[in-house]
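What you see is a predicted model, and the numbers here were worked out from it, not measured in a lab. All values below come from the heavy atoms of this structure, side chains included, with hydrogens, waters and symmetry mates left out.
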Amino acid sequence: MQKKLAAEFFGTFWLVFCGCGAAVLAAAFPDLGIGFLGVALAFGLTVVTMAYAVGGISGGHFNPAVSVGMAVGGRLPAGELIGYIIVQVVGAVAAAAVLYLIASGKPGFEAGGFASNGYGDLSPGKYSLLSGVVIEVVMTAFFIFIILATTAPRAPAGFAPLAIGLTLTLIHLVTIPVTNTSVNPARSTGAALFAETGAIGQLWLFWVAPIIGAAIGAAVWKALFGDE
């Protein structure tokens, strides 16, 4: 169990540090900024690399919503769920703290949104609370459905990390303008703690919606394909 928790810590750290780091440090860099596409790819690549690195140890969740989905889908013992969630949040906060330390070394640095998630005035496109709820639930549900499907015994072996990472990239490409993309409560928590906005006051949405979506996605997959 200690190895599983360590794997989840390092995997979540990598996801938040590189994914949010791409947004904070590189997305709008003068003349050479990577933009939305670069940030989306960064998040997807974090999952691909760490899923191959430590997925065989812990399952490669790096996300409380994924862990909830795996528990609902019968892939994670219920007794391990809380431990997974705790180390994922700790890993995310640690990554955000290191990223803040690095980013604050730039003259005139202001944390601003710090890659945090939000709706209304804190949404990149000023989308409403309802828009945020719907897109986070729907995208997380499909994310969990795809994870369960690609890691099932009948799926082609060895390709799941690629499919999952590309799915996360696609999710970001669609949802960054709406909520700055969560589908991951740990990632949202780490960024919100260091943002100089009201992100912490909206953090509840990025726990509630992804977890509801995860449960829905897992329940649908289990009902349709869980006996295969």
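- A single hydrophobic cluster is not seen to contain both W14 and L166; linkage of ILVMFWY side chains at heavy-atom distances under 4.5 Å, directly or through other members, places them apart.
- When all heavy atoms are compared, the tightest approach of P210 to E136 is CG-OE1, 4.0 Å.
- Residues F159 and Y52 come closest through the heavy atom pair CA-OH, 4.4 Å.
- When side chains are defined from C-beta on, M70 does not count as touching L81, because their heavy atoms never get closer than 4.5 Å.
- The CZ atom of F194 sits 7.0 Å away from atom CZ of F114, with the distance rounded to the nearest 0.5 Å.
- Using a 4.5 Å cut-off between side-chain heavy atoms of Ile, Leu, Val, Met, Phe, Trp and Tyr, with links allowed through other members, I34 and F36 fall into the same hydrophobic cluster.
- Contacts classified as side chain to side chain donor-acceptor pair (under 3.5 Å) and involving residues 65-74 (residues at least two apart or in different chains) are given here: H61-S67, S67-Q88.
- Remark: side-chain polar atoms of K222 are not paired, donor with acceptor, to backbone N or O of G73 under 3.5 angstrom.
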Could you give me the CA-CA distance, side-chain angles and deciding distance for S116 and L122, then say whether side chain to side chain contact (heavy atoms under 4.5 Å, CB included) is met?
CA-CA 9 Å; S116 59; L122 299 186; over 6 Å; no

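- For Y119 and Y127, the ring centers are positioned 6.0 Å apart or more.
- Using a 4.5 Å heavy-atom threshold, the side chains of T12 and V87 count as separate.
- In terms of heavy-atom proximity, A27 sits nearest to V39 at CB-CG2, 3.8 Å.
- To the nearest 0.5 Å, atoms CD1 (I164) and OG1 (T169) are separated by 12.0 Å.
- Residues in residues 164-178 take part in no salt bridge (Lys or Arg N to Asp or Glu O under 4.0 Å) pair, two or more places apart or across chains.
- A continuous path of hydrophobic side-chain contacts links V178 to L203 [ILVMFWY only; heavy atoms under 4.5 Å].
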Take T167 and L170 through the side chain to side chain contact (heavy atoms under 4.5 Å, CB included) test and state the conclusion after the steps.
CA-CA 5 Å; T167 300; L170 177 59; 5.6 Å; no

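- Contact of the M1 side chain with the L5 side chain is registered, since non-hydrogen atoms from C-beta on lie closer than 4.5 Å.
- Using a 4.5 Å heavy-atom threshold, the side chains of V174 and M139 count as touching.
- Here the closest heavy-atom approach between residue I211 and residue P185 is recorded as CG1-CG, 4.5 Å.
- One hydrophobic cluster holds both V208 and I216 under the rule that ILVMFWY side chains link at heavy-atom gaps under 4.5 Å.
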Evaluate side chain to side chain contact (heavy atoms under 4.5 Å, CB included) for L168 paired with H172, printing each intermediate quantity in order.
CA-CA 6 Å; L168 188 59; H172 276 77; 3.6 Å; yes

Check the pair T181, F43 against side chain to side chain contact (heavy atoms under 4.5 Å, CB included), reporting the backbone distance first and the verdict last.
CA-CA 10 Å; T181 312; F43 272 101; over 6 Å; no

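- A cation-pi arrangement is absent between R187 and W207, since the terminal nitrogen or guanidinium carbon is not both under 6.0 Å from the aromatic centre and inside a 45° cone about the axis.
- With hydrophobic clusters built from ILVMFWY side chains whose heavy atoms lie under 4.5 angstrom apart, V133 shares a cluster with I135.
- A donor-acceptor contact closer than 3.5 angstrom is absent between the side chains of T179 and S182.
- Rounding to the nearest 0.5 angstrom, the gap separating the OG atom in S58 from the CG atom in L76 is 9.5 Å.
- Checked against the 6.0 Å centroid threshold, F17 and F10 do not count as a close aromatic pair.
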Going through the distances and angles, do F62 and Y84 end up as a ring pair (Phe, Tyr, Trp, His ring centres under 6.0 Å)?
CA-CA 8 Å; F62 320 139; Y84 267 56; 9.6 Å; no

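- In this structure, F13 and F9 have tilted ring planes: the angle between them lies in the 30° to 60° band.
- Of all the heavy atoms in P64 and N184, the pair that sits closest is CD-OD1, 3.5 Å.
- When all heavy atoms of V24 and A115 are compared, the closest pair comes out as CG2-CB, 3.9 Å.
- Defined by atom type and a distance below 3.5 Å, a donor-acceptor pair is present between the side-chain atoms of S188 and N117.
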